[in-house]
Visitor: 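Provided herewith is a single structure, encoded as structure tokens, for subsequent inquiry.
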Amino acid sequence: MQHFEESVYKLIVETSTNLPGDVREVIQAAQEVEDSATRAGLSLSTIATNIEMAENNVSPICQDTGMPTFVVHTPVGANQMIMKSQIRSAIARATKDGKLRTNSVDSLTGANTGDNLGPGTPVIHFEQWEKDDIDVRLILKGGGCENKNIQYSLPTELEGLGKAGRDLDGIRKCIMHAVYQAQGQGCSAGFIGVGIGGDRTTGYELAKQQLFRHTQDTNPNNELRQLEEYVMENANKLGIGTMGFGGEVSLLGCKVGVMNRLPASFFVSVAYNCWAYRRQGVLLNSASGEIKEWIYPSGTGTPMKLKSAEAAVEAVAEHQEESREIVLQTPITEEQVRSLKVGDIVTINGEMHTGRDALHKHLMDHDAPIDLNGAVIYHCGPVMMKDQAGEWHVKAAGPTTSSREEPYQGTIIKKFGIRAVIGKGGMGAKTLAALQEHGAVYLNAIGGAAQYYARCIKKVNGVDFMEFGIPEAMWHLQTKGFTAIVTMDAHGNSLHANVEQDSFAKLSQFKDPVFS
Ligand SMILES: O=C(O)C[C@H](O)C(=O)O
Ligand code: SF4
């Protein structure tokens, strides 16, 4: 087993940096369906570029490298304690090498352990099997899509869909609702794993297990196969689209599993995974620990179709009446911001500042360490590495879900004179009102495009609040050519509110029984 740790390290690096071939195929099919001269089309081409960049740079596809979750099958007699300790070492090494973000945080104090190790992280499930080899599978599922998981207890009443009973049709309604409620916030278009039955814990486990299936497989259970096909055909009629921008493709995959339940309970558990569907596996020789084969097709065999960023932006600006291309230099003035409208594609040059949960909470009752008048705040928790000269470099830096900052954002815009907030998934009514009152905009960046945005960051000018940990610190970043779309403007318009309303109206077409 002398190679076991090295093999697990290779598995982690591959999973984080090279999206598997079967996942790429599905994203390519979505690109075919979606009109490229739309916001959704632009997002998909950015995603395609990002996938290629991650592979070439051997760097994280998305800065949120998720909760590392291993499922290991071992022959009888294999020493699971040694494997566990070597998996932990491989995780720490991959973190040190910038292949994983420091993602393990003390739930009570917020302290980051700095190496992805801590109570409950990483997650490792062992199973014994009759075979001689060791099968190690890993999924890196990020926090934003994890927040969009949902569990239903049947029977229940679902908004837009009515009663969902304890039968296949009730399950169907839950799944349609699950896709609707995620909107674009889990970086749609997504993949869902569904677990029918079990208890609250095993139901979610079953749902997550489905995400280990091959994207092109067929469910051996005939009823579930029909259900999967139904969902794939109909969920895309909701019109949520990539990043929740509206569009033809909202869901890329649906896999359903079933297990027994207690007479009193009937759970339908849904695990929502973003497009950055990072899962891979290796079959290892149990004597040496060397890799015998990879379990899912390598991404390298399925290159993404690329379009230059300029061409993609121009196509949208040319074909969408409401979209203009605008370049802004920071600091931004109130007048500049008030001239922007939903649909505009904005390119930012100059300094921006990262800030997420810890910073927003802090700024509510403290001063900022720098002048934020006219500033751009970027909801982002990057992957950072320090070189030998002590200089910081950005390894991955896509946006995080903005809605978590909804309780604070309006107050902070007002208090510090911030003119633009960049994030993903949109924000709520309170922020929209603050944008209008104080003169600011919300810009939606493409979730998961962490390499694409890292390339726009030319220099790290400084950092404050390192005590919050790397993802939560306030990084001052010098950017050039950072492009995002205005989805909430200073005139009370919100693309997110519109798409949510439209998709809600569409949801009710799935009210009538299908499987009865
Ligand atoms: O934590 C992050 O950087 C992103 C997160 O996965 C999210 O989708 O909000
Ligand atoms: S930012 Fe988006 S792509 Fe990245 S982990 Fe979160 S949900 Fe997934």
Side-chain angles (χ1 to χ4, degrees), residues 15-17 19 23-24 27 30 43-44 46-51 53-54 59-69 98 100-105 110 112 116 121 139-149 179 181-193 208 211 240 242-245 250-253 271-279 354-360 377-384 394-406 421-427 444-454 468-475 484:
T15 311
S16 177
T17 65
L19 205 65
V23 176
R24 289 181 183 218
I27 295 175
S43 309
L44 283 168
T46 307
I47 285 169
T49 304
N50 186 72
I51 292 169
M53 289 176 75
S59 287
I61 297 163
C62 176
Q63 77 289 338
D64 183 359
T65 52
M67 174 67 86
T69 303
L100 294 177
R101 186 175 71 187
T102 52
N103 251 2
S104 178
V105 174
N112 195 313
N116 266 314
T121 45
I139 186 164
L140 299 173
K141 184 175 184 294
C145 59
E146 187 69 12
N147 291 347
K148 289 289 142 193
N149 288 6
V179 178
Q181 61 86 41
Q183 291 289 305
Q185 294 188 349
C187 290
S188 62
F191 295 80
I192 51 173
K208 208 162 193 177
L211 296 173
I240 296 162
T242 304
M243 295 321 298
F245 289 162
S250 306
L251 191 66
L252 298 169
Y272 188 98
N273 205 109
C274 46
W275 67 261
Y277 178 19
R278 291 155 287 175
R279 58 106 174 81
T354 68
R356 46 187 291 164
D357 311 68
L359 181 82
H360 280 76
I377 289 285
Y378 183 23
H379 294 160
C380 168
V383 178
M384 303 294 294
V394 180
K395 301 305 286 180
T400 190
T401 316
S402 300
S403 58
R404 295 194 311 269
E405 315 319 334
E406 181 65 10
V421 173
I422 307 178
K424 59 127 173 148
M427 303 193 73
N444 203 120
I446 313 304
Q451 291 305 308
Y452 179 85
Y453 290 115
F468 294 164
I470 286 178
E472 299 279 346
M474 186 184 203
W475 296 93

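The basis for the numbers below is simple: all heavy atoms, side chains too, and nothing from hydrogens, waters or symmetry mates. Quick note: residue numbers are just sequence positions, from 1. On a predicted model such as this, the values are computed, not experimentally measured, just so you know. Atoms within each ligand, like the ligands themselves, are counted from 1 in listed order.
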Visitor: May I ask you to identify the nearest protein heavy atom to atom 6 (Fe) of ligand 2, giving residue, atom name and distance to one decimal place in Å?
Guide: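 Checked against all protein heavy atoms, atom 6 (Fe) of ligand 2 sits closest to G144 N, 3.9 Å.
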
Visitor: So, C274 and atom 8 (Fe) of ligand 2: N/O/S under 2.8 Å, yes or no?
Guide: yes

Visitor: For G66 and ligand 2, answer yes if some heavy atom of the residue is under 4.0 Å from a ligand atom, otherwise no.
Guide: no

Visitor: Below a 4.0 angstrom heavy-atom separation, can you tell me which part of K141, side chain or backbone, both or neither, approaches ligand 2?
Guide: neither

Visitor: Please verify whether a non-hydrogen atom of Q185 lies at under 4.0 Å from ligand 2.
Guide: no

Visitor: Short list, please: which atoms of ligand 2 are under 4.0 Å from a heavy atom of A276?
Guide: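 Close to A276: 3 (S).
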
Visitor: Please confirm whether A450 approaches ligand 2 to less than 4.0 Å, judged on its heavy atoms.
Guide: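 In this structure, A450 fails to qualify as a contact of ligand 2 - no heavy atom is under 4.0 Å.
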
Visitor: Please determine which of N149, N273, L251 meets the side chain to side chain contact (heavy atoms under 4.5 Å, CB included) test together with I192.
Guide: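 Passing option: L251.
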
Visitor: Could you tell me, atom by atom, which parts of ligand 2 come under 4.0 Å of a heavy atom of P399?
Guide: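 The atoms of ligand 2 under 4.0 Å from a heavy atom of P399 are 1 (S).
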
Visitor: Do me a favour and list the nearest non-hydrogen protein atom to atom 4 (Fe) of ligand 2 with residue, atom name and distance?
Guide: C62 SG, 2.3 Å

Visitor: With a 4.0 Å cut-off on heavy atoms, is G186 touching ligand 2?
Guide: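 Distance cut 4.0 Å: G186 passes for ligand 2.
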
Visitor: Would you mind listing which atoms of ligand 1 come within a distance below 4.0 Å of any non-hydrogen atom of R404?
Guide: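 Taking each heavy atom of R404 in turn, ligand 1 has 9 (O) under 4.0 Å.
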
Visitor: Please list the nearest protein heavy atom to atom 4 (C) of ligand 1 with its residue and the distance rounded to 0.1 Å.
Guide: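 That would be T400 OG1, 3.2 Å.
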
Visitor: Would you check if the side chain of S250 reaches a backbone N or O of I240 as a donor-acceptor pair within less than 3.5 Å?
Guide: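 Yes.
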
Visitor: Going through the checks in order, is the side chain to side chain contact (heavy atoms under 4.5 Å, CB included) test met by L211 and R279?
Guide: CA-CA 8 Å; L211 296 173; R279 58 106 174 81; 5.9 Å; no

Visitor: Suppose I only count heavy atoms of R278 and a 4.0 Å limit; which atoms of ligand 2 are within that range?
Guide: 5 (S)

Visitor: Return the CZ to CD distance between R101 and Q63, rounded to the nearest 0.5 Å.
Guide: 5.5 Å

Visitor: Under 4.0 Å from a heavy atom of K424: give me the atoms of ligand 1 that qualify, with their elements.
Guide: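 Checking each atom against K424, I get 7 (C), 8 (O), 9 (O).
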
Visitor: To the nearest 0.5 Å, how far apart are CD1 in I51 and CD1 in I27?
Guide: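 Here the rounded value is 4.0 Å.
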
Visitor: So does M243 get a backbone contact from the side chain of W275, meaning a donor-acceptor N/O pair under 3.5 Å?
Guide: no

Visitor: Checking contacts here: is it the side chain or the backbone of Q185 that comes within 4.0 Å of ligand 1, counting heavy atoms only? Could be both or neither.
Guide: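 For Q185, there is no contact with ligand 1 at all, from either part.
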
Visitor: Short list, please: which atoms of ligand 1 are under 4.0 Å from a heavy atom of Q63?
Guide: 2 (C), 3 (O), 4 (C)

Visitor: Check the pair F191 / V23 against side chain to side chain contact (heavy atoms under 4.5 Å, CB included), numbers first and verdict last.
Guide: CA-CA 10 Å; F191 295 80; V23 176; 4.0 Å; yes

Visitor: What are the atoms of ligand 1, with element, lying closer than 4.0 Å to any heavy atom of D64?
Guide: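 So the atoms of ligand 1 that pass are 1 (O), 2 (C), 3 (O), 4 (C), 5 (C), 6 (O).
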
Visitor: Starting from the C-alpha separation in whole Å, work towards a yes-or-no answer on side chain to side chain contact (heavy atoms under 4.5 Å, CB included) for L19 and R278.
Guide: CA-CA 6 Å; L19 205 65; R278 291 155 287 175; 4.0 Å; yes

Visitor: If you count the atoms of ligand 1 from 1 in the order shown, which ones are under 4.0 Å from a heavy atom of R356?
Guide: 1 (O), 2 (C), 3 (O)

Visitor: Consider ligand 1: state whether an atom of it lies below 4.0 angstrom from any non-hydrogen atom of E146.
Guide: no

Visitor: Of all heavy-atom pairs between S402 and H379, which one has the smallest distance, and what is that distance?
Guide: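 Minimum heavy-atom contact is OG-ND1, 2.8 Å.
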
Visitor: Which residue owns the protein heavy atom closest to atom 2 (Fe) of ligand 2, what's the atom, and how far is it?
Guide: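 The protein heavy atom lying closest is C187 SG, 2.3 Å.
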
Visitor: Checking the side chain of Y453 only, and the main-chain atoms of I446 only, is there a donor and an acceptor separated by less than 3.5 Å?
Guide: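 Between the backbone of I446 and the side chain of Y453 there is a qualifying donor-acceptor contact (under 3.5 Å).
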
Visitor: Determine yes or no for a side-chain-to-main-chain donor-acceptor pair under 3.5 angstrom, with Q451 supplying the side chain and M53 the backbone.
Guide: no

Visitor: Less than 4.0 Å is my threshold; does some heavy atom of E146 fall inside it relative to ligand 2?
Guide: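 For ligand 2, residue contact (heavy atoms, under 4.0 Å) with E146 is absent.
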
Visitor: Does D64 reach the side chain of T400, with side-chain heavy atoms less than 4.5 Å apart?
Guide: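 No, too far: nothing below the 4.5 Å cut-off.
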
Visitor: Please determine if G144 has a nitrogen or oxygen closer than 3.5 Å to a nitrogen or oxygen of ligand 1.
Guide: yes

Visitor: Would the distance check show the side chain of N50 and the main-chain N or O of I61 forming a donor-acceptor pair, the cut-off being under 3.5 Å?
Guide: yes

